[in-house]
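Heads up: the structure comes next, in structure tokens.
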Amino acid sequence: MLNEVEQKALVDAIGLLELSINEEQINQIGQYFDELLKWNNTYNLTGFKTFQENLVNNLLDCLSVASFIKAQRVIDVGTGAGLPGVLLAIVSPNQQWTLLDANGKKTRFLQQVKQKLGLDSLEIVNTRVEQHHVAEAYDAMSSRAFDKIPETLNKSHHLLKPQSSFYAMKGKLQDDDLQNLPDWARVENIIKVDVPMLEGERHLIHLLINKGKEE
């Protein structure tokens, strides 16, 4: 369990984002954060080790994009420890999130989180993105520290509706981030995201997918 000082720091930090969330959602975020820190000691779920590092670089960074992702059904590819998928599912309970990762220890952690927090809107998938197939394609896809954008799109386009969105969380923009995009993807917006207490640049790249009629 988070101690009293950590719990207050977490609540104060979330308050800086000015999100419209209730006490139950704040408690769920606290439970998730507690599980993340506990499991990270053994399973190395994230490279950030301390409470403060995870608070700023993971929790606040992921929650800072919550207001920009409006789609109903979203898949978070290469989700790792559920960043950003778990946090966005908590603060946007009307959305359905699929969290996909090929690492079994990470998806086992996510199953534990789903059960403990009662997050029925989450689906956990342990496979490679190329091997995941669904009856109904997704409205949107998100990625954070997974792969270059063109490679991610080419691996996963079969999971997206012909008219859909792709959201990529990035730090400082690199020259090759948006090079060699497939012809059915175009940049809709590049949003500079303000993450409280985080030094350095953060961006959310929103691409529109227009694949035309599927065969």
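All values derive from a computational prediction rather than experimental measurement.
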Can you list the steps and then say if Glu151 with Lys148 is a salt bridge (Lys or Arg N to Asp or Glu O under 4.0 Å)?
CA-CA 5 Å; Glu151 283 80 355; Lys148 292 182 179 180; 5.4 Å; no

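- Cluster annotation: Leu204 and Ile149 are assigned to distinct hydrophobic clusters (Ile/Leu/Val/Met/Phe/Trp/Tyr, side-chain heavy-atom contacts under 4.5 Å, transitive).
- A donor-acceptor pair under 3.5 Å is formed between the side chain of Asn3 and the backbone N or O of Glu6.
- When side chains are defined from C-beta on, Trp184 counts as touching His157, because their heavy atoms get closer than 4.5 Å.
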Side chain to side chain donor-acceptor pair (under 3.5 Å) assessment of Thr46 paired with Asn58
CA-CA 9 Å; Thr46 170; Asn58 280 329; 3.1 Å; yes

Check against side chain to side chain donor-acceptor pair (under 3.5 Å), Tyr138 and Thr98
CA-CA 9 Å; Tyr138 298 95; Thr98 295; 3.2 Å; yes

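- Under a 3.5 Å cut-off, the side chain of Glu136 and the backbone N or O of Val134 do not form any donor-acceptor pair.
- Remark: the backbone N or O of Arg73 is not paired with any side-chain donor or acceptor of Gln96 at under 3.5 angstrom.
- Using modelled atom types, one side-chain atom of Gln95 and one backbone atom of Ile69 make a donor-acceptor pair closer than 3.5 Å.
- Under the 4.5 Å side-chain criterion, counting only non-hydrogen atoms from C-beta, Leu16 is not in contact with Ile14.
- Within the 4.5 Å cutoff, no side-chain heavy atoms of Arg202 are placed close to those of Lys170.
- Remark: the backbone N or O of Pro150 is paired with a side-chain donor or acceptor of Asn154 at under 3.5 angstrom.
- Looking at Thr107, its side chain does come within 3.5 Å of a backbone N or O of Gly104 through a donor-acceptor pair.
- Between Val91 and Ile29, the closest side-chain pair of non-hydrogen atoms falls below 4.5 Å.
- Looking only at distances, no side-chain donor or acceptor of Lys114 sits under 3.5 Å from a matching main-chain atom of Phe109.
- Between the side chain of Asp101 and the main chain of Gly80, a donor-acceptor pair closer than 3.5 Å is present.
- The environment of Tyr43 atom OH is sparse: at most 12 non-hydrogen atoms of other residues, nucleotides or ligands sit within 6.0 angstrom.
- More than 12 heavy-atom neighbours from other residues, nucleotides or ligands sit within 6.0 angstrom of NZ on Lys49.
- With hydrogens and angles ignored, the 3.5 Å screen pairs no side-chain donor or acceptor of Asn40 with any backbone N or O of Leu36.
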